[in-house]
2 protein chains.
Amino acid sequence: MSIRYALLGIISKKPVTGYDVVTIFKQKMIYFWSSTHSQIYKELHKMEEEDLITHQLVIQGTSPNKKVYSLTDQGKKDLIRWAIEEPLKPAKIKDEFLIKTTIFPILSEEEINQLLDEVIEREHNILAKTKEWKEHFHSQGDSDIGTILTVEYGIRYSEMYLEWCKWAKQMIQDKA
Amino acid sequence: MSIRYALLGIISKKPVTGYDVVTIFKQKMIYFWSSTHSQIYKELHKMEEEDLITHQLVIQGTSPNKKVYSLTDQGKKDLIRWAIEEPLKPAKIKDEFLIKTTIFPILSEEEINQLLDEVIEREHNILAKTKEWKEHFHSQGDSDIGTILTVEYGIRYSEMYLEWCKWAKQMIQDKA
DNA sequence: GTTTCATATGTCTAAAATGACATATGAAAT
DNA sequence: ATTTCATATGTCATTTTAGACATATGAAAC
């Protein structure tokens, strides 16, 4: 039941292909949802069987043919029902870096700084992409409230992470 | 390979039971790792078979007998190897609330506010528990750098989330 | 006395998710 | 010419995870 509503939510915005969904997860939703193309294609098939979505085959000259999915009435109804009626499940997070952080006491200062630099670079890249995306949709005149809120969340999340890293570095230096 | 190092990390601090691990995940690591007792017990068995941990049976008068696990030399070696050598994998996050956020445009203002209030309450509770824990380990004179850093992360994470919610509420009111 | 709660450990089935394998087009780069 | 890249869709085996079922103790609440 997990990925289903993420997919319905994406498709509700505008018709998209499975390939589009993959890039949306990677580029625009990285800080609150993740999946792989194998799971996405499988779930799209299942959802079409259950009449929540349909697709239109688009033959392209340039690149391979694609299936553009859109919501059925039932799909939209189910999405809204889920959003309003289903009790909110706690977020599921698996952040390996924080696990590594817990064992800093058994690592050397150099090793710790190396790990922190690695994660800082990762987070910088994510933040840069998120800001890029924000600029892009603003320049397009897009004022979708869902997009505005989630992009702001992404920026705040990454900034929090980076500030915490900076604080952690200072903390470790002071302790040493 | 996922939960393994989370478990090794926890056990490296001090010997614990499977039951302890369950509560640690729930109370102290909720904002960066999650699992269930069925998975934890299974993985502990597997890790013991592979000689990464061992247990000592403790017979208690009051409550049921328990298995207290500790790291073997091999377990500690593998944990450090993982931390230093294995490339950092991106965090995997599944936050349903942000999915719900993306479809705010097809919900009513009342429904949106209800959802936001729900998540604000959830996050308040998490923050309260994290702060309680921080007070507790400070009062115990615990100055484990791993704990200090992760608890600070938890507080910053929850505060970021709550501030974003507040901002979102304002944003939605202004738009209406 | 009976239920509920915290402690404590396990199994089992089903669902979800990962990662590898597999294929195909057209454009661009080397 | 050949490789690489972006686009595009799929399968399959294995691993991971979730959630239900199962049991047991002692203390506390009702």
Side-chain angles (χ1 to χ4, degrees), chain A residues 1-8 11 15-27 29-30 32-50 53 55-69 86-96 99, chain B residues 1-7 10-11 15-27 29-30 33-50 53 55-69 86-87 89-96 99:
Chain A
M1 216 63 0
S2 243
I3 202 189
R4 170 151 306 189
Y5 297 101
L7 292 177
L8 285 177
I11 300 169
V16 286
T17 67
Y19 188 84
D20 290 335
V21 174
V22 175
T23 38
I24 288 168
F25 274 138
K26 262 196 303 206
Q27 291 172 1
M29 292 169 69
I30 188 89
F32 67 95
W33 206 271
S34 61
S35 189
T36 53
H37 86 274
S38 63
Q39 196 195 8
I40 291 160
Y41 284 115
K42 207 206 284 177
E43 186 66 21
L44 287 172
H45 294 327
K46 224 192 289 180
M47 284 159 72
E48 190 163 34
E49 252 178 62
E50 292 177 41
I53 54 175
H55 81 264
Q56 210 188 334
L57 190 69
V58 174
I59 283 103
Q60 300 180 111
T62 48
S63 35
N65 298 342
K66 62 181 181 182
K67 293 180 176 178
V68 179
Y69 289 94
E86 287 223 22
L88 189 60
K89 283 186 206 147
K92 277 173 222 158
I93 306 174
K94 305 278 164 84
D95 189 334
E96 280 198 353
I99 301 291
Chain B
M1 216 62 1
S2 244
I3 202 188
R4 169 151 306 189
Y5 297 101
L7 293 177
I10 290 167
I11 300 168
V16 285
T17 67
Y19 189 84
D20 291 335
V21 174
V22 174
T23 40
I24 288 167
F25 274 139
K26 262 196 305 209
Q27 292 174 0
M29 292 168 69
I30 188 90
W33 205 274
S34 60
S35 188
T36 54
H37 85 275
S38 63
Q39 196 195 8
I40 291 161
Y41 285 115
K42 209 208 283 177
E43 186 66 22
L44 286 173
H45 295 325
K46 224 192 289 178
M47 284 159 72
E48 190 162 34
E49 252 177 63
E50 292 177 41
I53 55 175
H55 81 264
Q56 209 188 334
L57 190 68
V58 174
I59 283 103
Q60 298 181 112
T62 49
S63 35
N65 299 342
K66 60 184 183 181
K67 293 180 177 177
V68 180
Y69 289 93
E86 287 222 23
K89 284 187 205 146
K92 277 176 222 158
I93 307 175
K94 304 278 162 84
D95 189 334
E96 281 199 353
I99 301 292

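Every chain is numbered from 1 and lettered A, B, ... according to where its sequence line falls, protein lines coming before strand lines.
The side chain of B/Y41 contributes no N or O atom lying less than 4.0 Å from OP1 or OP2 of C/dG10. Distances shown here put a side-chain N or O of A/K94 below 4.0 Å from the OP1 or OP2 atom of D/dT17. Between C/dT9 and B/T17, a contact under 4.0 Å exists linking OP1 or OP2 to a side-chain N or O. Under 4.0 angstrom from either OP1 or OP2 of C/dA15 there lies no side-chain N or O belonging to A/K42. In this model, the phosphate group of D/dT9 is not approached by any side-chain N or O of A/Y19 to a distance below 4.0 Å at OP1 or OP2. In this structure, B/S2 reaches the D/dT17 phosphate: one of its side-chain N or O atoms is under 4.0 Å from OP1 or OP2.
Between B/F25 atom CZ and D/dA18 atom P the separation is 11 Å, expressed in whole Å. Rounded to whole Å, the distance from CH2 on B/W33 to C1' on D/dA18 is 16 Å. Summarising the geometry, the separation between CD1 on A/I59 and P on D/dA8 is reported as 13 Å, rounded to the nearest angstrom. Note: CG (B/L57) to P (C/dG10) measures 10 Å, nearest angstrom. Between A/E48 atom CD and D/dT9 atom P there is a gap of 12 Å when expressed in whole angstrom units. Between the NE2 atom of B/H45 and the P atom of C/dC12 there is a distance of 11 Å, rounded to whole Å. To the nearest angstrom, P of C/dA8 lies 13 Å from NZ of B/K26. Between B/I40 atom CD1 and C/dT7 atom C1' the separation is 15 Å, expressed in whole Å.
Side-chain proximity of A/K67 to D/dT9, D/dA24, C/dT9: nearest is D/dT9.
Residue contacts for A/T36: at a heavy-atom cut-off of 4.0 Å it reaches a base atom on one of the strands shown. The residue B/H37 sits close to a base: some heavy atom pair falls under 4.0 Å.
Nearest-nucleotide assignment on DNA chain C puts the 5′-proximal partner with B/N65, out of A/K92 and B/N65. With the nearest nucleotide of DNA chain D identified for both A/Q60 and A/Q39, A/Q60 has the one nearer the 5' end.
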Please assess B/R4 against B/K46 for the test side chain to side chain contact (heavy atoms under 4.5 Å, CB included), listing each intermediate value before the final yes or no. CA-CA 10 Å; B/R4 169 151 306 189; B/K46 224 192 289 178; 4.2 Å; yes
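Remark: side-chain polar atoms of A/T23 are paired, donor with acceptor, to backbone N or O of A/Y19 under 3.5 angstrom. Counting only distance, with no hydrogens or angles, the side chain of A/E43 and the backbone of A/I3 share no donor-acceptor pair below 3.5 Å.
A distance of 10.0 Å separates CD1 of A/I24 from CG of A/L7, quoted to the nearest 0.5 Å.
Put simply, the side chain of B/S38 and the base of D/dG19 share a donor and an acceptor less than 3.5 Å apart.
With respect to B/H55, the side-chain hydrogen bond (donor to acceptor under 3.5 Å, both in side chains) criterion is satisfied by exactly one of B/E48, B/K66, B/H45, B/K67: B/E48.
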